[in-house]
Each structure stands twice: as C-alpha cells, then as structure tokens.
Amino acid sequence: MKKLINDPGDVVAEALVGMAAAHPDRLRIDHEQRIVYRADAPRQGKVGLVSGGGSGHEPLHGGFVGPGMLDAACAGEVFTSPVPDQMMAATRAVDGGAGVLHLVKNYTGDVMNFEMAAELAAAEAGTEVASVVIDDDVAVQDSLYTAGRRGVGLTVLLEKIVGAAAEEGRSLQDCADLARALVADGRSMGMALTSCTVPSAGRPTFDLAEDEIELGVGIHGEPGRERRPLAPAREVAAMLVEPVLADLDGAGDDGVIVLLNGMGGTPLIELYLMYGEVARLLDGAGVRVARSLVGNYITSLEMAGCSVTLLRADEERVRLWDAPVNTPGLRWGA
Amino acid sequence: MKKLINDPGDVVAEALVGMAAAHPDRLRIDHEQRIVYRADAPRQGKVGLVSGGGSGHEPLHGGFVGPGMLDAACAGEVFTSPVPDQMMAATRAVDGGAGVLHLVKNYTGDVMNFEMAAELAAAEAGTEVASVVIDDDVAVQDSLYTAGRRGVGLTVLLEKIVGAAAEEGRSLQDCADLARALVADGRSMGMALTSCTVPSAGRPTFDLAEDEIELGVGIHGEPGRERRPLAPAREVAAMLVEPVLADLDGAGDDGVIVLLNGMGGTPLIELYLMYGEVARLLDGAGVRVARSLVGNYITSLEMAGCSVTLLRADEERVRLWDAPVNTPGLRWGA
Amino acid sequence: MATVENFTAWVHDFARTIAEHSEQLTDLDRAIGDGDHGSNMTRGTARCAQLTDEQTFTGPGDYLKKVGMTLVSTVGGASGPLYGTFFLRMATSLTEVDDVGPEQLGTALEAGVEGILTRGRAERGDATMYDALAPALESYRQAVADGADLAGALAAAAKAAAEGRDATTDMVARKGRASYLGDRSRGHLDPGAASATLLLESAARTLA
Amino acid sequence: MATVENFTAWVHDFARTIAEHSEQLTDLDRAIGDGDHGSNMTRGTARCAQLTDEQTFTGPGDYLKKVGMTLVSTVGGASGPLYGTFFLRMATSLTEVDDVGPEQLGTALEAGVEGILTRGRAERGDATMYDALAPALESYRQAVADGADLAGALAAAAKAAAEGRDATTDMVARKGRASYLGDRSRGHLDPGAASATLLLESAARTLA
Ligand SMILES: Nc1ncnc2c1ncn2[C@@H]1O[C@H](COP(=O)(O)OP(=O)(O)O)[C@@H](O)[C@H]1O
Ligand SMILES: Nc1ncnc2c1ncn2[C@@H]1O[C@H](COP(=O)(O)OP(=O)(O)O)[C@@H](O)[C@H]1O
Ligand SMILES: [Mg+2]
Ligand SMILES: [Mg+2]
Ligand SMILES: [Mg+2]
Ligand SMILES: [Mg+2]
C-alpha cells in the first residue's frame, strides 16, 4: 500500500488536522468528535444543515462546509459511517432556532446511525430535526431485494442547492421538501478503472484485470453492477449516461444540471475528455445542460474512474445553484 | 494502460472539447490551434498574460484562464511543449495594447519554443512581448551542469499573483518585474509514489517498487533526485520542506504562501494529511503561513505524489493573492 | 449462573478474538463489501475491553448497557448500531439481575436479537449476522428446553451460529452493502455472520 | 548531385524510419526523459511527408524551409525547435541551389548543426543529438576532403553518427530533461542522438 499517511489508524484524525490548518478562517474543527463546522455556526434563524458519512470521499462532506452549503459535517472512519454521538453533537451545535436538517446518503450504516441520532435528539428537548435520505444510484436495480439505491453524486448537487435555500432563510419544512424533490429528480451511475485501498485493510478492495472495468460501482470500492471489458471513453460515457437517462423522468423545464465526477485517481484531463463525451450524448438525446460541474467532488480514495449525475433543472434550482457558496471544495460568488 | 480516453493521439484535442463544453460562458477555445482564451479577451489596456506548456498538468494552464489570472494558455501534446505558432497566435489575440507577458516554465522545450515565438513576434510589428522563465524546483541541484531548475508549483502562485497585478492595470514592465521577483522568492520540491503513463507511450514512464518513492520528481514523470524507501507522511514532509527552506532566503515579511500540490492520483484526504505535516514543520521552523492552497493544481497525469511550494510573502503579494479570480481551476471573490 | 464477572470475561474474550480475526473479517468484507468490518469491530471491542479499567459495574445489566453504548459510539458503519442495539437490549432485559440463569440469558439473547431485527429489518436468508444469530437463539432455546445447563445451551448456540454463518455462503445478500452485488454475492461468507459466531463462541467460553 | 527529388526522398525515408522506430525512441526517452520523443518525431515527420502531396517545390532550399517550418509547428518539445532550426538553416544555405554537390551539402549540414548549437547551447559530451551530429559532420567533411563522393561521404557520416550515438551511453546528460537525472543518466542512450542517427542513415540512402 503506497499512501501519504502515517499510521493507517490515524488517517482521518490527521487529515482533519491538515484541513484545520489549511482553512483556519473558514472552518472550526472539533477534533475530539471529528466534526467540521463552518466558523460562524450556529447561524441564528437559519436551518442548520448537517451531513456526514465515512471518510475517503473528500472533498465530500467536510469540504462542503461553509456559507451557502453545510453547517457541519461528521467524519467517520474511512468508508465507515460516523456514530450517533457525532451527529447529535453537530445537531446541537448548529441549531440556530430554525431546526436542523440531516442529509443522509442511503447506506445501511449511515441510515441506522443517523436514525439513532435522530431518536436520541428527539429525546433531548428543543431541536427540531428532519432527515432526508439520498438514493440516486441507478446501478442498484431491484431495490426491493437490496438495501436500496446508494447515495452518490447527487449528494454534492443537493448539498449545494439546499444549502443555498437554507442560506436564504427558508424553513426546515421547505428545505426538507426541496431536498426530497431533488432526490426524486436526480440519478447517477459510476464506473471504476481500478480499485481503491482502505488504509486499515492495506490491500485493494477488489481486483480488476488490466482489461476490465467495474460498471455501476459505488463510492466505497463496493463491486458494481457488472464487469465489462475496458472500452473507449465514448462507450464508457454511453454506459453511464444511458441508464441514468432511462431512469430519469425526462429533463426538467430548464434541462439538467450535470456532475461529471472523478473517483479520486483519475486526472482532470480524462474527466474533461469524458465530459465532452457526456455533453455530446446529452445533446444527441435533446437534453439541455443548464449547468455543469467537472472534477473530483465525491471520491473513493485513489480509485480511478468516474460517475455521471443528472438532476432535472428548473428556474429555482438553477438560481439556487448559482447562489454564492464559499467552501473549500466549491466556491463562487463569494 | 487504463484511462478514460479514446485514441491516445486524440487526448488533448478531446479534453479541450470537454473543457469548452464545461465552461461555455467563461472560456473561448481555439481547437485548431489548441489555445484556451478567456471569453472576453483581448482586454483593452490590460497586459495580456500568456502561458502554456505540455498537457497532462491540468488544471494548469488552461484551467487558470479567466479574470484575475491568464488571458490565454497554449496546450501542447501530453508533456510536450506547444509550438511557436500557438504562442504567436495567442500573443496576437490577447494584445490589448499594453503588451503581452509570456510565463514560461523552465524546460528546454518550452523555453526554446517560446523563444522562437518571441523572435517571430518581434519580427511582426506592434506587440510588445516580455518573457519570464519560472524555475523553482530545488530538486535540480547543480544547475550549471543541467538544463537548470524546472518550473513547477510556483507557476500556479505566480500566474495568480501576476494575473491580479495585470488585472489592476499594471504595466508590462511592472508585471514582468513582479514575476521575476516571485521567481527569485519561490521554491518547490516534489515526490512520487507511482509513475504516470503517457497515453501515446502506453506504459508507465518509470518503475517504482512497492516500497520505494521517487524524491525530487518533476511534473512529467521525469525521474527525480533519488530513490528512497517508502516512508511515513511526516518523514516525506520533512524531505520536501527541508530542502525548500534551505534554499529559500528566509520567510518574507508576511511569512510564506504555501502550495501543497497533488500530482493527480493522490486523493485529497492524503493531501490534507500531508498539509498537516507541512504546517507543523513550518511552525516548528518559525515560518508563518500567510496563505495556503491544498489540492491538485499542477499535476502529472495520474501520478500519485505531491509537492510543496513556498513563496516569500509580503503585504502586496498577499493582497494580490486575495484579489478576485474566476477561472475553472481557482476561483474566489467572484 | 453468570455474574457480572462472567459478562466482563465475555466481552474481553470477544475483543481478543475479534482482534485475532480482524484481518480475516476485513478480507470477507473486501470480497462483498467495503473492507472495514475487521477494523470496525476491533476498534469498538477494544474500547469496550477498557471499560472495566475505568469504572466498576453494579451488575450485568449496568455493564452491558455501557458496552452497547460504547459500541454505538465507536464502531460506526452498519455493525455499530446493530451490535450496539444487541447489547443495549440485553442490558434492559437484565436490569437489576445479578446472577443470570439459562432462562434469563435466553430471554436476554432474544431481546438482543430482536433489537438487531428492529434496527436492520433483515429476514432469514438475507445473508447477514441475523443468519448466525437466529439459529443460535433457536438452538439455545431448544437445549434449555431439553434440560441443558448454561454451558450446554451456549455450546449448542455457538455450534448453530457457525452452521448459520457457513450457510450464508450459499445465499444472495439482500441487506447491507453486499446486497448491491446481487447474485455475485453468492459464494461468499457474510462478515457479520462471522463476527456474530465469534460472539457466541466467546459466550460459550466465558458465560458458563 | 542531390536534387529536390532526393531531398523529398530523404524526408520521406526519415518519416518512415522514425515511424518504425517510434516505440524504441519513446522507450529511450521513458528511461531518462518523459517518454514522448518517438511520438513527437512521428507526428512531425509524418506531417512533413504530406507536404509533397499538397504543393510543389522549386528547389531543395524551398522544400527544406517548409520542412523546417513544419517541424517547428508540429513537433513541440525540445526536438521541434532543434530539428526545425536544423532544416531551416540548411534551407538558407541552399537558397537558389538546384543540384547539391558534396561541398554544398557539407556547408548546409554544417549550417544546420550550427543552428542546433545556437538554439540548444549544447556542448560535446552533454549527451544530446549534438553528440551524434557533430562527429557525423566531421566524418563527412573528412570524407569529402579525402575525395569521397556524396554517397561515400554520407555513409561515413551515418557511421560516425551511430558511433556518436552509442557513446552517449557513457555520458552524464547535461542538457534537456535527462540532465535532471545527473549521474543516473549514465548507462542510457540519448533518444535525440538515436533519431539524429536515423536522419543521417536516411540521408545516406536517399541523397546520393
Ligand atoms: N440490515 C441489516 N441487518 C442485519 N445485519 C446487517 C444489515 N446490514 C448489514 N448487516 C451486517 O453488517 C455487516 C457489515 O458490517 P460493517 O462492514 O462493519 O459495516 P458496513 O457495511 O457499514 O461497512 C454485514 O456483513 C452484515 O452481517
Ligand atoms: N539543449 C539541447 N541541445 C541539443 N539537444 C537537446 C537539448 N535538449 C534536449 N535535446 C535533445 O532532445 C531530445 C529530447 O527530445 P524530446 O523528447 O522530443 O523533447 P522533450 O525533452 O521536450 O520531451 C534529447 O534526447 C536530446 O537529444
Ligand atoms: Mg463500511
Ligand atoms: Mg516532452
Ligand atoms: Mg464494511
Ligand atoms: Mg521527451
């Protein structure tokens, strides 16, 4: 295992130390509890947005903490959901009187830990908590016979858009409704060229031959829908875009917001090339691109590969997308 | 070779297609000449900043085109300097009457091609051209017996700071002087955990054993100063920070601006962890960090590894650093 | 009769066994999940094993509650809330009981397993830890009904757990991360079923 | 006497030879550089080989000027300006000449090699293409002085180039990317010296 780390058990704690050092004015990090807060939390009268999940997906979620996006992010061990104590502490700390919204990616661990946190928070008087589960991954078919669709790329778009709504002063109910509407209208599909290596495991999670790709992979190096022979970018783009379009209920009034996301180990030159293929396919399908984002936003350690997320766009969503955001991972207008 | 590409010979052209699709409002791309322009170039009365170099270092240079940074970037083949025709076309196109500054990384190919372009541009009447060569890599020692220090991480900081100066309306002479002062005051050192694979070569540029790192590597997969046994992040950080500090003439009045740069294949969690180590070492050396930047900014395809750049900071440099910038790769205040 | 000393011995033995099998559990999880079950369980159980150094406990219920809370707070992932809930429910069932007999332990185990069901909504055959725990509980009950003492009942439970664990190999996972694999999960032993079997084997060594 | 037909044959033969050796040149460059010399030269020379399909040329000078400009415009890297300058300087030296004899070719080659020196500022022993070209030029000159015809002089030049190329193996690179390696560049043959040898071998096959 070749990584820029010290002890594999210290990776998350030490990365948070570096993150705190890199963003002293913007973030406040509780190293004990492993929670990344925006420096000025809690904001009075604003709905608090709390997300979190296993680490190894950076910049998600800690890198999306800041004005216009999240108020707090709970960092679990690598690929392991954080624990209810963290979510409760974060919920308390960002409550500005308007309630707190939990944004949860649909993984058994995340859902159960956030569920316990919400139960425990409800027992404590005071904070109103709502929770939205994100499940956009069309690679998981039969969701009746599985843990359901995973939460993947849509998480980034959702945290941005709901973050802007919360910043505007919208109510908890409004923010939760918006988040649920986005979940209904967003779909993703990913693929991997290589596996990733969990530091504590020390070996790649799966083996992939030199001429194979894993199609429908998640963001934890979970094996995907199927193995396929390595193919040119234009064919890979079709393997991702087609199932997403097939599952999406058409484009929105304003087309779609597109995320072409890198898994961590794929360089930007390849991501741009892939985005060219995706844009061509969408154009061919008559789908208008309202906004796009290309880069490493929800990653899987050093895995090489990418994912495509489409979100039906309308005027309000585009407006909220364009609203100022100031986080380490996503910044504009501020 | 596992990459998200089509024909290896088309990588650069197709990545530019994707880049144009991803940033339709901000960039104008001449696909024939492979030049990325800011959409509103030329800006009357503003010094035009032109850079360029081999591709494979994304977001450098094309991703740094936009208000507050470059006016044009010429993209060569992967790891191959662009040709004089591109630089001449870019120079003509961004000339707003205040002259054009060429920012050149010190590689034989880049220097010779930019030199030919400047000779040819001088022959054409009209455009005043100045040129600054960036050579910040302390891994190259005996510069008398080599092609001299390479231009690496400092390029990013320099393009930002000189870009802000040009945006303020400073003269060509002023911008060139500032750029030369930054070159005198910035130093870098890099390392690799793995090699990269040039698409047209199809195989890794160098082989590195599971327990070895390449110290003092450049940004083209050129072998570095020496091979060392794989070491914990804190030791790797010392291997990078110490030679940089030893070569830097002390910190500036306002400390240093730090870039902890990823080589492309190293995930952000490791870069943050490394930055924590670098910040600790600087603190221990009594060097104050005025500003920092952590991420993949000047890469080497999918190479895993990182580099550290320190630039002596003063009030003006920090002010120019903080000035608004709006490019695909670096954005704030706008 | 199992006392608080037996229960602390159980948790300590479990922590030791998990640490020994950590790599193996992670390997099972790498094959069909995300390669962290060993480190998750090791982190949590190691923390539990420190509890007796830090405080004294008034009885099995008091102790197991702390164990459950510690697991919830340290393990994370799917297994944290599941094992945590298991111990918390056992604890509730054993409130104010000092010496735990075969019947009482059966009721407590059942409460624990019910807790896992409530939390995870798994069914038999979904290839989870429940597929080790459910047959273990049945065999335990049967042995007690047949007149077995604690030692005998726990031995039967551990044996049934191991059989249930091995049976997960032929199942298609329908819960947790492994479920994303669909048919491709067949042929792999479920990591949670493996750790649950270690839990019952520890019990057989320590509670009687 | 070499005419414009010989010079176009030279460039076509060079393009073909480079394409055949592309992978080998890239491998040499992977070892001590950045692994692109083969593809750089292939891209540029292939473009040069198309020139005769697109236009007619009035003489060697006219043709070589276009070859030089094409190399400058298509190769990039270090080798683009170097080979480009080589051909541009040869072209200037052959302006208005239709039939090129041994003396005139010697002068043209010298102008080309001087161009490389001016552009790259290399010295003998720096392990660059100059270490193949310089001995080639000397041997050419010597052969002409000894009364050789074009064929004989070019054969001598090609042989000397190959020897010069092989000698780069024992040198420590001091120019270009390979120089960053310092002592570690020793033991490797310089890719530019290899392509320059191909250039002279092509010349020996076509110019006489
Ligand atoms: N819904 C569920 N009900 C019961 N057990 C489950 C459920 N989901 C997962 N598990 C168990 O959890 C184990 C995985 O735990 P672990 O790897 O620690 O967490 P994660 O899957 O979050 O990485 C599985 O092997 C399975 O036995
Ligand atoms: N300053 C120089 N003078 C002469 N030849 C040089 C010089 N620098 C590099 N070269 C030649 O160029 C070759 C490398 O060319 P190439 O790989 O195409 O370009 P790059 O080094 O820019 O990738 C070297 O092998 C060497 O022969
Ligand atoms: Mg996990
Ligand atoms: Mg090159
Ligand atoms: Mg797991
Ligand atoms: Mg090269």
Side-chain angles (χ1 to χ4, degrees), chain B residues 8-9 52-54 56 74 76-86 88 107-117 120 137 139-150 195-207 216-227 300, chain D residues 22-23 25-44 46-47 68-85 88 116 118-123 125-128 172-185 188 192:
Chain B
C74 306
E77 280 299 321
V78 172
F79 293 170
T80 299
S81 161
V83 300
D85 311 48
Q86 294 172 279
M88 282 169 63
Y107 295 95
T108 305
D110 294 68
V111 170
M112 291 194 305
N113 282 284
F114 266 103
E115 225 170 66
M116 289 191 94
L120 295 163
D137 186 356
V140 180
Q141 289 167 306
D142 283 332
S143 45
L144 260 185
Y145 299 104
T146 63
R149 289 176 156 165
R150 295 171 289 215
S195 176
C196 52
T197 297
V198 176
S200 64
R203 270 169 301 167
T205 303
F206 56 87
D207 296 311
V217 81
I219 54 169
H220 304 86
E222 315 100 302
R225 203 191 258 201
E226 54 179 323
R227 291 226 165 146
S300 192
Chain D
S22 183
E23 205 171 324
L25 293 172
T26 287
D27 282 350
L28 291 173
D29 198 31
R30 277 170 55 232
I32 53 169
D34 59 350
D36 62 357
H37 190 57
S39 56
N40 287 348
M41 293 302 294
T42 303
R43 185 172 58 249
R47 187 72 196 82
M69 279 163 44
T70 303
L71 291 174
V72 168
S73 301
T74 57
V75 176
S79 45
L82 292 168
Y83 277 110
T85 303
L88 287 172
I116 286 181
T118 315
R119 186 64 59 213
R121 301 177 197 91
E123 293 174 24
D126 282 355
T128 70
V172 174
R174 291 183 168 191
K175 281 285 177 301
R177 256 178 237 293
S179 69
Y180 306 135
L181 277 175
D183 271 346
R184 289 166 77 192
S185 71
H188 293 281

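Just so it is clear, the values below take in all heavy atoms, side chains as well, and ignore hydrogens, waters and symmetry mates. Chain letters run A, B, ... following the sequence lines, proteins first and then strands; every chain starts at 1.
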Sort out for me which of [options] touches chain B most, counting heavy-atom pairs under 4.5 Å.
options                             : value
D/Ser73, D/Gly84, D/Gly120          : D/Ser73
D/Gly77, D/Ala78, D/Gly76, D/Ala178 : D/Gly77
D/Gly182, D/Ser79, D/Gly33, D/Ser22 : D/Gly33
D/Asn40, D/Asp29, D/Thr42, D/Ile32  : D/Asn40

Relative to chain B, which segment of D/Val75 carries a heavy atom at a distance below 4.5 Å: side chain, backbone, both, or neither?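 Only the backbone of D/Val75 comes within 4.5 Å of chain B.
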
Chain B heavy atoms under 4.5 Å from D/Thr85: which part of the residue, side chain, backbone, both or neither?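 For D/Thr85, the contact with chain B is made by the side chain alone.
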
Below 4.5 Å, heavy-atom pairs only: which of B/Thr108, B/Val111, B/Asp137, B/Val78 has the largest tally toward chain D?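 Among the listed options, the one with the most contacts to chain D is B/Thr108.
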
Could you have a look at B/Pro84, B/Gly218, B/Ser195 and say which one has the most heavy-atom pairs with chain D under 4.5 angstrom?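 Going by pairs under 4.5 Å, I would pick B/Pro84.
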
Closest contact, heavy atoms only, [X] versus [Y]:
X        : Y        : result
D/Thr26  : B/Ala201 : CG2-CB, 3.7 Å
D/Val72  : B/Asn113 : O-OD1, 4.4 Å
D/Arg177 : B/Tyr107 : NH1-CD2, 3.5 Å

Proximity breakdown for [X] and chain D, heavy-atom pairs closer than 4.5 Å:
X        : value
B/Phe79  : both
B/Pro204 : backbone
B/Ser200 : side chain

Got a sec, which residues hit side chain to side chain contact (heavy atoms under 4.5 Å, CB included) with B/Arg203, two or more places apart in sequence or on another chain?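 For B/Arg203 the side chain to side chain contact (heavy atoms under 4.5 Å, CB included) partners, ignoring immediate neighbours, are D/Glu23, D/Asp27, D/Arg30.
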
About how many Å separate OG1 of B/Thr80 and CG of D/Asp34, when rounded to the nearest 0.5 Å?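 If I round to the nearest 0.5 Å, the distance is 6.0 Å.
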
Starting at CD of B/Glu115, measure out to CZ of D/Arg119 and round the result to the nearest 0.5 Å.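 These two atoms lie 5.5 Å from each other.
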
Under 3.5 Å, is there a donor-acceptor pair between the side chain of D/Ser179 and the main chain of B/Ala147?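 Here the side-chain-to-backbone pair exists.
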
State whether the number of non-hydrogen atoms from other residues, nucleotides or ligands found under 6.0 Å of B/Glu226 atom CD is greater than 12.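 Enclosed.
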
Could you check if a side-chain atom of D/Asp36 sits within less than 4.5 angstrom of a side-chain atom of B/His220, using non-hydrogen atoms only?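 A side-chain contact under 4.5 Å is absent here.
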
